[in-house]
Novice: 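Starting off with a structure, shown below.
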Amino acid sequence: MPGDWNGAGGHCNFSTSRMKAENGMKVMEEAIQRLEKRHKEHIILYDPSGGVDNSRRLTGLHETAHIDQFFWGVAHRGASIRIPRGVAQAGRGYLEDRRPSSNGDPYLVCEALVRTAVLDDWTDFDWTNMPSKP
């Protein structure tokens, strides 16, 4: 629905066993660095229109980061990636990717997260049926 509001996101909480273990915060920070490098690919995959739908929601206002920017923060509801305060205090846990749209394909969102944060490998991704390419 058009208007000056925050829209509907499909945020994804994400962790691995290494993120939940001792020194997990370091693992999360490394994953976040990889996520920043692949921001364009994620934006394309996070809504069925290749980022067009999300461009109306990710304006930098209303608790969202701008679609063209990537940043993360602890307890920062306007960040691309948010680390909950309790996770930061514990030094382990999970991260929240706040970029996926509510109409995004959860399988593509999960694939993008695993390819980037865990495998750091996009060599065999098939962009053939995607609405756009990075």
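Along the sequence shown, residues are numbered consecutively beginning with 1.
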Novice: Just how far is it from atom OG1 of Thr59 to atom NE2 of His66, taken to the nearest 0.5 Å?
Specialist: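 Spacing of OG1 (Thr59) from NE2 (His66) equals 7.0 Å.
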
Novice: How long is the gap from CG on Leu119 to CZ on Arg34, to the nearest 0.5 Å?
Specialist: 9.5 Å

Novice: Can you confirm whether more than 12 heavy atoms, excluding those of Arg85, are under 6.0 Å from its CZ atom?
Specialist: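 Atom CZ in Arg85 is not packed in, count stays at 12 or less.
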
Novice: Report yes if the side chains of Asp124 and Arg115 come closer than 4.5 Å at any heavy-atom pair, otherwise no.
Specialist: yes

Novice: Short question: side chain of Arg38, backbone of Asp120 - any donor-acceptor pair under 3.5 Å?
Specialist: no

Novice: Looking only at heavy atoms, what is the nearest atom pair of Pro134 and Glu41, with distance?
Specialist: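 In this case the closest contact between Pro134 and Glu41 is CG-CG, 3.6 Å.
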
Novice: Would you mind telling me which of Val87, Ile83, Ile81, Asn13 makes a side chain to side chain contact (heavy atoms under 4.5 Å, CB included) with Glu96?
Specialist: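 The single option meeting the side chain to side chain contact (heavy atoms under 4.5 Å, CB included) with Glu96 is Asn13.
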
Novice: Do Trp122 and Thr116 have side-chain N/O donor and acceptor atoms under 3.5 Å apart?
Specialist: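 Short answer, yes.
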
Novice: Ignoring hydrogens and geometry beyond distance, is a side-chain donor-acceptor pair present between His11 and Arg99 at under 3.5 Å?
Specialist: no

Novice: Can you see which heavy atom on Arg98 is nearest to which on Ala79, and at what distance?
Specialist: CD-O, 3.4 Å

Novice: Is there side-chain contact between Leu58 and Ile43, with heavy atoms separated by less than 4.5 Å?
Specialist: yes

Novice: Between Asp47 and Asn103, is there a donor-acceptor pair closer than 3.5 Å when you use the side chain of the first and the backbone of the second?
Specialist: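 No.
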
Novice: Mind checking whether Trp72 and Leu95 have side chains closer than 4.5 Å, heavy atoms only?
Specialist: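 Not in contact.
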
Novice: Is the backbone N or O of Gly51 less than 3.5 Å from a side-chain atom of Ser49, with the two atoms forming a donor-acceptor pair by type?
Specialist: no

Novice: How long is the span from the SG atom in Cys110 to the CG atom in Leu45, to the nearest 0.5 Å?
Specialist: 12.0 Å

Novice: Please round to the nearest 0.5 Å and tell me the distance separating atom CG of Asn54 and atom OG of Ser101.
Specialist: 4.5 Å

Novice: State the CD-NE2 distance between Glu111 and His42, to the nearest 0.5 angstrom.
Specialist: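 The distance works out to 10.0 Å.
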
Novice: Check whether any side-chain heavy atom of Thr16 sits under 4.5 Å from a side-chain heavy atom of Met19, and report yes or no.
Specialist: yes

Novice: Can Phe71 and His76 be said to form a side chain to side chain contact (heavy atoms under 4.5 Å, CB included), step by step?
Specialist: CA-CA 10 Å; Phe71 70 96; His76 194 312; 3.7 Å; yes

Novice: Answer whether the closest heavy-atom distance between the side chains of Ser132 and Trp127 falls below 4.5 Å.
Specialist: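 No. Closest side-chain heavy atoms not under 4.5 Å.
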
Novice: What's the shortest heavy-atom distance between Gly93 and Met28, and which atoms?
Specialist: N-CE, 3.7 Å

Novice: Do Arg82 and Arg77 have side-chain heavy atoms sitting under 4.5 Å apart?
Specialist: yes

Novice: Compare all side-chain heavy atoms of Tyr46 with those of Ile67 and state whether any distance is below 4.5 angstrom.
Specialist: no

Novice: For the residue pair Leu113 and Cys12, establish whether any side-chain heavy-atom pair is separated by less than 4.5 Å.
Specialist: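 They are in side-chain contact.
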
Novice: Are Ile44 and Val52 in one and the same hydrophobic cluster, where Ile, Leu, Val, Met, Phe, Trp and Tyr link if side-chain heavy atoms are under 4.5 Å apart?
Specialist: no

Novice: Apply side chain to side chain contact (heavy atoms under 4.5 Å, CB included) to Phe14 and Val118, showing your working.
Specialist: CA-CA 11 Å; Phe14 176 75; Val118 179; 3.9 Å; yes

Novice: In Å, rounded to the nearest 0.5 Å, how long is the span from CE of Met25 to CD of Gln89?
Specialist: 10.5 Å

